[in-house]
Amino acid sequence: VQLQASGGGLVQAGDSLRLSCAVSGRTFSSYNMGWFRQAPGKEREFVAALSWSGGSTYYADSVKGRFTISKDNAKSTVYLQMNGLKPDDTAVYYCAATETGWGTRPIDYDYWGQGTLVTVSS
């Protein structure tokens with residue numbers, strides 16, 4: 001299974017970005033998906049999760065109401081729409097996948113993308 005994240009960039013506070021994560025190698029529709037982020041000098045933290053059916057989502061309190069996770073099974077891609085970006089959102093964003101359960105800890109996920117950098121200037 002390979003995950004390829006893209007869509008990061010440099011934006012100003014209040015702007016929007018949409019991250020994409022293309023998944024290849026196995027049956028995409030069976031995966032629970034997650035997004036995490038890691039700021040310089042900090043641990044990797046949970047951002048959002050989406051169940052394999054697409055029917056359940058979960059968000060970190062820090063992004064709730066601003067970020068939306070979704071997926072397109074036909075394109076084997078999961079998205080993270082980020083609105084109202086803040087400087088505190090600056091981090092490398094990682095997508096992750098698992099076939100067994102889902103959660104908010106990095107250890108809950110089996111497969112990881114390489115990360116895409118999001119920088120939000122004030």
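For clarity, every value in this text was computed on a predicted model and none was experimentally measured. When a residue number appears, it is its place in the shown sequence, counting from 1.
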*Asks:* Is there a path of hydrophobic side-chain contacts, each under 4.5 Å between heavy atoms, that joins V63 and V92?
*Replies:*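 Shared cluster, no.
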
*Asks:* Side chains of F67 and L85, heavy atoms from C-beta outward: is any pair under 4.5 Å?
*Replies:* yes

*Asks:* Is T98 reaching over with its side chain to a backbone N or O of T100, donor-acceptor style, under 3.5 angstrom?
*Replies:* yes

*Asks:* Tell me whether the count of non-hydrogen atoms from other residues, nucleotides or ligands lying under 6.0 Å of CD in Q2 goes above 12.
*Replies:* no

*Asks:* Whether D61 and K64 form a salt bridge (side-chain N of Lys/Arg under 4.0 Å from carboxylate O of Asp/Glu) is what I want to check.
*Replies:*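 Salt bridge present between K64 and D61.
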
*Asks:* Nearest heavy-atom pair of A5 and Q114: which atoms, and what distance?
*Replies:* O-NE2, 2.8 Å

*Asks:* Flag this pair as yes if the NZ/CZ of R18 is under 6.0 angstrom from the six-membered ring centre of Y79 and inside a 45 degree cone about the axis; otherwise no.
*Replies:*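 Ring-cation test returns yes.
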
*Asks:* Locate the shortest heavy-atom distance separating G103 from A49; write the atom from each residue and the value.
*Replies:*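 Answer, listing the atom of G103 first, then A49: O-CB, 4.4 Å.
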
*Asks:* Can a donor-acceptor pair be found, under 3.5 Å and without considering hydrogens, that links the side chain of Y59 to the backbone of I69?
*Replies:*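 Indeed, once roles are kept as given, a pair shorter than 3.5 Å links the two residues.
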
*Asks:* Can you name the nearest heavy-atom pair linking T104 to D108, along with the distance?
*Replies:* N-OD2, 3.3 Å

*Asks:* Quick one: CE on M33 to OG1 on T77, what's the gap to the nearest 0.5 Å?
*Replies:*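 So the CE of M33 and the OG1 of T77 are separated by 9.0 Å.
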
*Asks:* Just wondering, are more than 12 heavy atoms of other shown residues or ligands nearer than 6.0 Å to OH in Y111?
*Replies:* yes

*Asks:* Once you round to the nearest 0.5 Å, how far does CG of D110 lie from OH of Y31?
*Replies:* 9.0 Å

*Asks:* Where is the tightest heavy-atom contact between R66 and G84, given as atom of each residue plus distance?
*Replies:* NH1-O, 2.9 Å

*Asks:* List the atom of G34, the atom of Y109, and the distance in Å for their closest heavy-atom pair.
*Replies:*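 Minimum heavy-atom contact is N-CE2, 3.7 Å.
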
*Asks:* Please tell me if the side chains of D89 and R37 come closer than 4.5 Å, counting only heavy atoms from C-beta onward.
*Replies:* yes

*Asks:* Are the side chain of Q38 and the backbone N or O of A91 linked by a donor-acceptor pair below 3.5 Å?
*Replies:* no

*Asks:* Is the backbone of W52 close enough, under 3.5 Å, to the side chain of N32 for a donor and an acceptor to pair up by distance?
*Replies:* yes

*Asks:* Working to the nearest 0.5 Å, report the span between OG of S122 and NZ of K86.
*Replies:*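 The distance works out to 14.0 Å.
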
*Asks:* So do F28 and K71 actually touch side chain to side chain, heavy atoms under 4.5 Å?
*Replies:* yes

*Asks:* Taking the side chain from S121 and the backbone from V11, do they hold a donor-acceptor pair closer than 3.5 Å?
*Replies:* yes

*Asks:* In Å, rounded to the nearest 0.5 Å, how long is the span from CH2 of W35 to CG of L19?
*Replies:*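 So the gap between those two atoms works out to 4.5 Å.
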
*Asks:* Does the plane of the ring in W112 sit parallel, tilted or perpendicular to the ring in Y94? Use 30° and 60° as the thresholds.
*Replies:* perpendicular

*Asks:* Please say yes or no: joined through hydrophobic side-chain contacts below 4.5 Å, possibly via intermediate residues, are F36 and V78 part of one cluster?
*Replies:*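 The answer is no; the residues belong to distinct hydrophobic clusters.
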
*Asks:* If we ignore hydrogens and angles and just use 3.5 Å, is the side chain of T90 paired with the main-chain N or O of V120 as donor and acceptor?
*Replies:*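 The answer is yes, because a donor-acceptor pair under 3.5 Å joins these two groups.
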
